[in-house]
Amino acid sequence: MFGGTFDPVHLGHLRSAVELREALALDRVHMVPAHVPPHREAPGVSAEQRLAMLEAGIGDTPGLVADARELGRGGPSFSGATLASLRRDYGERARLVMSVGMDAFLKLHEWHEPQQVFELAHVVVIDRPGHRGTLPGPLARLVAGRDAADAEALFRRPAGGVLHLQLPSRMAISATGLRTRLAEGRSVRYLLPDAVEDYIRSGNLYR
Ligand code: ATP
């Protein structure tokens, strides 16, 4: 599971998903757009449009799936509920992974019932340029004893471990930076897939 706001999806997300799948030999990477309360959405960009951009960006990429399960639920959804739903789909013995960028990992202890995440999945932390830091105390306690040395050690169990990965093509791209560029009428070429740029231009989004 690779969750995010994807507002909009960019090559930092998509390349990470491809390299994550390769590095861990995953069957599938479910990219799951988060429900965002309407008053917090980027003006004029709906959840359906974030999903459509994700679908356009993924295109025919093998193993990547645009997964609408959090949007279908209608209200805000917690990652625990999403992982529980994936666990129901894949069964008790499947090895499930929730991947997060380093910035998201550093706030994991602030999530709703973070302990539940480890009962359902492993957490794989992806290095992200410009985001590093020492673990806050509550996070250090949450992940104590969970570190796996490598993928083989991680996958001895179906859930509960933590693995840090440095993927080959780390990219300093953020959706915030893209929204600023688009609002200022600057180029976003080569930061997101052409199909996503076309969707943004034809819908006049983020202006
Ligand atoms: P924003 O700038 O709006 O906060 P974002 O670019 O961080 O957006 P999100 O949709 O919030 O994108 O991120 C979803 C997940 O993808 C998070 O776990 C985040 O850490 C990770 N991620 C985002 N950008 C990158 C990147 N360039 N490289 C690796 N991981 C990334």
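In each ligand, atom 1 is the first atom listed, and ligand 1 is the first ligand listed. Predicted, not measured: the structure shown is a model, and the values here were computed from it.
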Between Asp27 and Arg95, does any NZ, NE, NH1 or NH2 come within less than 4.0 Å of an OD or OE carboxylate oxygen?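 A salt bridge is absent here (no side-chain N lies under 4.0 Å from a carboxylate O).
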Just jot down the ligand 1 atoms closer than 4.0 angstrom to any heavy atom of [X], in number order.
X      : result
Thr176 : 1 (P), 2 (O), 3 (O), 4 (O)
Phe6   : 10 (O)
Arg179 : 3 (O)
Phe2   : 15 (C), 16 (O)
Met171 : 26 (C), 27 (N), 28 (N)

Check step by step if salt bridge (charged side-chain N to carboxylate O under 4.0 Å, His left out) holds for Arg201 and Asp194. CA-CA 10 Å; Arg201 300 265 176 237; Asp194 290 347; over 6 Å; no
Given that the side chain starts at C-beta and the backbone is N, CA, C, O, which of these parts of [X] lies under 4.0 Å from ligand 1, counting heavy atoms, or is it both or neither?
X      : result
Ser16  : side chain
His131 : neither
His10  : side chain
Asp103 : side chain

Of all heavy-atom pairs between [X] and [Y], which one has the smallest distance, and what is that distance?
X     : Y      : result
Leu86 : Asp67  : CD2-OD2, 4.3 Å
Leu24 : Phe155 : O-CE1, 3.7 Å
Pro8  : Leu192 : CG-CD2, 4.0 Å

Partner set under salt bridge (charged side-chain N to carboxylate O under 4.0 Å, His left out) for Arg189, not counting sequence neighbours: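 Applying salt bridge (charged side-chain N to carboxylate O under 4.0 Å, His left out) to Arg189 gives Glu197.
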Leu64 side chain reached by Val18 side chain, heavy atoms, under 4.5 Å: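 In contact.
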Any nitrogen or oxygen of Gly3, side chain or backbone, less than 3.5 Å from one on ligand 1?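 No, since none of the N or O atoms of Gly3 sits under 3.5 Å from an N or O of ligand 1.
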Any N or O of Met102 that comes nearer than 3.5 Å to an N or O of ligand 1?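 N/O-N/O distance below 3.5 Å does not exist for this pair.
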So which protein heavy atom does atom 25 (C) of ligand 1 come closest to, and at what separation?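 Nearest neighbour among protein heavy atoms for atom 25 (C) of ligand 1, to 0.1 Å: Arg128 NE, 3.2 Å.
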To check your reading of the model: name the closest protein heavy atom to atom 9 (P) of ligand 1, its residue, and the distance in Å.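 Answer, as residue, atom name and distance: His13 NE2, 3.6 Å.
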Stepwise side-chain contact (heavy atoms from CB on, under 4.5 Å) test for Asp127 and Leu167: CA-CA 7 Å; Asp127 193 39; Leu167 297 173; over 6 Å; no
Do side-chain atoms of Arg87 reach the backbone of Leu120 as a donor and acceptor pair under 3.5 angstrom?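 Judged by distance alone, yes, a pair lies under 3.5 Å.
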Report the member of Ala175, Gly101, Ala17 with the shortest heavy-atom distance to atom 17 (C) of ligand 1.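 Checking each option, the heavy atom nearest atom 17 (C) of ligand 1 is found in Gly101.
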